[in-house]
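Read through the structure below, which is laid out as structure tokens, and then see the notes.
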Amino acid sequence: MNNIFVYCEIEDGQVAEVSLELLTKGRSLANELKCKLEAIAIGHKLDGVEKQVMPYGVDTLYLADDKRLYPYQTLPHTSIVVKLFEEQKPQIAFMGASSIGRDLGPRVSSALHSGLTADCTSLLIGDHYDKKADKKYENLLYQIRPAFGGNIIATIINPDCRPQMATVREGVMKKEILDPKYKGKVVNLDVSKYVSDSDFVVEIIERHMEKSKLNIKGAPIIVAGGYGVGSKENFRLLNELAEVLGGEVGASRAAVDAGYVEHERQIGQTGLTVRPKLYIACGISGQIQHRAGMEQSAQIIAINTDPEAPINSIADYVITGDIADIIPKMIKYYKKN
Ligand code: FAD
């Protein structure tokens with residue numbers, strides 16, 4: 001009752017990174033609210049899930065294990081989560097803003113007549129005073145996300161909705177083990193009580209998984225190019241610098257839209273969220289939508305002809321100049337050292 005729930009996505013027996021990040025966030029909010037952290041995993045052959053999630057401080061793990069529940073299917077997964085939430089009445093529930101979370105979250109919140117804030121970038125606990133009703137609400141979930149094209153940061157609350165639901169994209173929250181020996185309770189659900197045969201309207205005949213060879217999220221160094229790079233050809237300089245440094249190439253949306261580089265490399269609000277040790281922003285102005293995906297990098301170097309470029313305000317080092325002059329010098333220097 002009144003606990004925090006995290007829906008854990010499972011792929012080949014592995015709990016998704018975004019779910020582990022949400023468990024970390026859920027644990028810290030549960031400590032603040034002095035409530036329990038609970039998790040649900042739905043799929044097949046879930047034996048290894050307990051070991052993966054407990055170190056994040058899960059008090060109760062609900063498992064719905066059935067051959068028909070893997071891979072993900074909209075109706076049966078929705079039915080299980082809705083029924084479990086009706087029983088357990090969580091005050092807060094989180095899901096990844098992945099293709100699964102984006103499908104499942106709105107269905108669950110609509111079935112429960114609740115609300116959902118998508119793509120949150122921060123989650124906090126706070127109070128609210130409703131002047132009209134002269135009513136004070138305590139310990140609400142502040143769901144914080146960019147709005148109006150990223151021009152404002154909105155704090156959204158749903159005082160009378162339960163659960164207060166939010167989705168968060170991978171990489172936005174930090175993942176941190178609480179205690180490797182943390183021991184919560186495991187509850188194996190009787191799946192037949194949560195789904196009916198009529199929920200299985202889809203027959204999956206074959207699955208083809210395309211795995212990207214890029215590892216931008218895991219790269220310790222990212223050399224990111226923006227519209228200021230000027231052309232697809234000029235991006236070769238960035239590729240060379242990334243290679244010399246053992247990093248990956250990222251990009252702003254303007255560079256992607258201009259066709260300089262493929263979409264999988266886009267960083268920002270509608271692209272990837274990254275936290276490398278070093279982020280080199282080349283010819284990127286630093287609009288809020290781009291910063292949303294990279295400002296948690298440990299060190300930022302900005303290379304820009306404009307000394308007033310907004311990216312400079314969050315950079316640790318600013319190089320004012322043309323990338324055509326600066327990058328070849330950097331390549332030469334790092335090749336030598
Ligand atoms: P510009 O803003 O055009 O900046 C180019 C920079 O290059 C300038 O600062 C200029 O001084 C510099 N420059 C020019 N020539 C040189 C040179 N030779 N050497 C060095 N510097 C040079 N953007 C993203 O990046 N990621 C997103 O996920 C994203 N999502 C969005 C979502 C929404 C809903 C909206 C409305 C926008 C989104 N955007 C996103 C777009 C964002 O608002 C900006 O338009 C975009 O980030 C600008 O990219 P840029 O900095 O490369 O280009």
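Everything numeric in this text was worked out from a predicted model, so none of it was measured. Scope of the values below: all heavy atoms of this structure, side chains included, with no hydrogens, waters or symmetry mates. Whatever order the structure lists them in is the order used to number ligands and atoms, beginning at 1.
- Numbered from 1 in the order shown, with element, the atoms of ligand 1 that lie under 4.0 Å from a heavy atom of G268 read 26 (N), 27 (C), 28 (O).
- Shown here are the side-chain hydrogen bond (donor to acceptor under 3.5 Å, both in side chains) partners of Q296, two or more places apart in sequence or in another chain: R275.
- Between the side chains of D59 and Y182, at least one donor N or O lies within less than 3.5 Å of an accepting N or O.
- The nearest protein atom to atom 50 (P) of ligand 1, hydrogens excluded, is given as S252 OG, 3.5 Å; this is a heavy-atom distance.
- Residue contacts with ligand 1 leave out V256, since none of its heavy atoms falls under 4.0 Å from the ligand.
- Scanning the protein heavy atoms around atom 51 (O) of ligand 1, the nearest turns out to be S285 N, 2.7 Å.
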Could you please spell out the steps behind the salt bridge (Lys or Arg N to Asp or Glu O under 4.0 Å) verdict for E17 and K175?
CA-CA 8 Å; E17 285 290 298; K175 182 180 82 167; 3.1 Å; yes
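- The protein heavy atom nearest to atom 43 (O) of ligand 1 is Q289 OE1, 2.8 Å.
- For ligand 1, the atoms sitting less than 4.0 Å from at least one non-hydrogen atom of G321 are 19 (N), 20 (C), numbered in the order shown with element in parentheses.
- Among the atoms of A255, none of the N or O lies under 3.5 angstrom from an N or O of ligand 1.
- Here the two rings, on F94 and F5, have centers that are 6.0 Å apart or farther.
- Ligand-side atoms of ligand 1 in range of T270: 27 (C), 28 (O), 29 (C), 30 (N), 31 (C), 32 (C), range being under 4.0 angstrom from any heavy atom.
- Using 4.0 Å as the threshold, G271 has a heavy atom nearer than that to some atom of ligand 1.
- Ranking protein heavy atoms by distance to atom 32 (C) of ligand 1, first place goes to R253 NH1, 3.1 Å.
- Side chains of I221 and K277 form no contact here, defined as non-hydrogen atoms less than 4.5 Å apart.
- With a 4.0 Å cut-off on non-hydrogen atoms, Q287 touches ligand 1 through its side chain and not its backbone.
- Here is the list of ligand 1 atoms found below 4.0 Å of a heavy atom in I267: 24 (C), 25 (O), 26 (N), 27 (C), 28 (O).
- Every atom of ligand 1 is numbered from 1 in the order shown, and the set under 4.0 Å from a heavy atom of D322 is 17 (C), 18 (N), 19 (N).
- Classified by interplanar angle (parallel below 30°, tilted 30° to 60°, perpendicular above 60°), the ring pair H77/Y72 is perpendicular.
- Residue E9 forms a side chain to side chain donor-acceptor pair (under 3.5 Å) with just one option from S98, S99, S19, and that option is S98.
- At a cut-off of 3.5 Å, with distance as the only test, a side-chain donor of D134 or Y129 sits close to an acceptor on the other residue.
- For the 3.5 Å distance criterion, the side chains of D257 and Y227 fail to qualify, holding no donor opposite an acceptor.
- The nearest heavy-atom contact from the protein to atom 11 (O) of ligand 1 is N304 OD1, 2.7 Å.
- Looking at T305, I311, I288 and measuring to atom 20 (C) of ligand 1, the nearest heavy atom belongs to T305.
- Residue-level proximity to ligand 1 for V229 is absent, since no heavy atom of it falls below 4.0 angstrom.
- Note: no N/O pair closer than 3.5 Å links A309 and ligand 1 by distance alone.
- In this structure, a donor-acceptor pair under 3.5 Å is absent between the side chains of S28 and E32.
- In terms of protein heavy-atom proximity, atom 47 (O) of ligand 1 is closest to H290 CB, 3.9 Å.
- In this structure, G230 has no heavy atom closer than 4.0 Å to ligand 1.
- For the 3.5 Å distance criterion, the side chains of Y194 and E87 qualify, holding a donor opposite an acceptor.
- From the protein, the heavy atom lying nearest to atom 16 (C) of ligand 1 is G228 O, 3.5 Å.
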All N/O donor-acceptor pairs, side-chain side in residues 316-335, below 3.5 Å, sequence neighbours left out:
{"from": "D316", "atom 1": "OD2", "to": "I300", "atom 2": "N", "distance (Å)": "2.7"}
{"from": "D322", "atom 1": "OD1", "to": "A324", "atom 2": "N", "distance (Å)": "2.8"}
{"from": "K335", "atom 1": "NZ", "to": "E240", "atom 2": "OE2", "distance (Å)": "3.4"}

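- The protein heavy-atom contact nearest to atom 48 (C) of ligand 1 is A254 CB, 3.8 Å.
- Per-residue contacts place G226 under 4.0 angstrom from the following atoms of ligand 1 (heavy atoms of the residue considered): 52 (O).
- Residue D119 forms a side chain to side chain donor-acceptor pair (under 3.5 Å) with just one option from Q143, R102, R145, and that option is R102.
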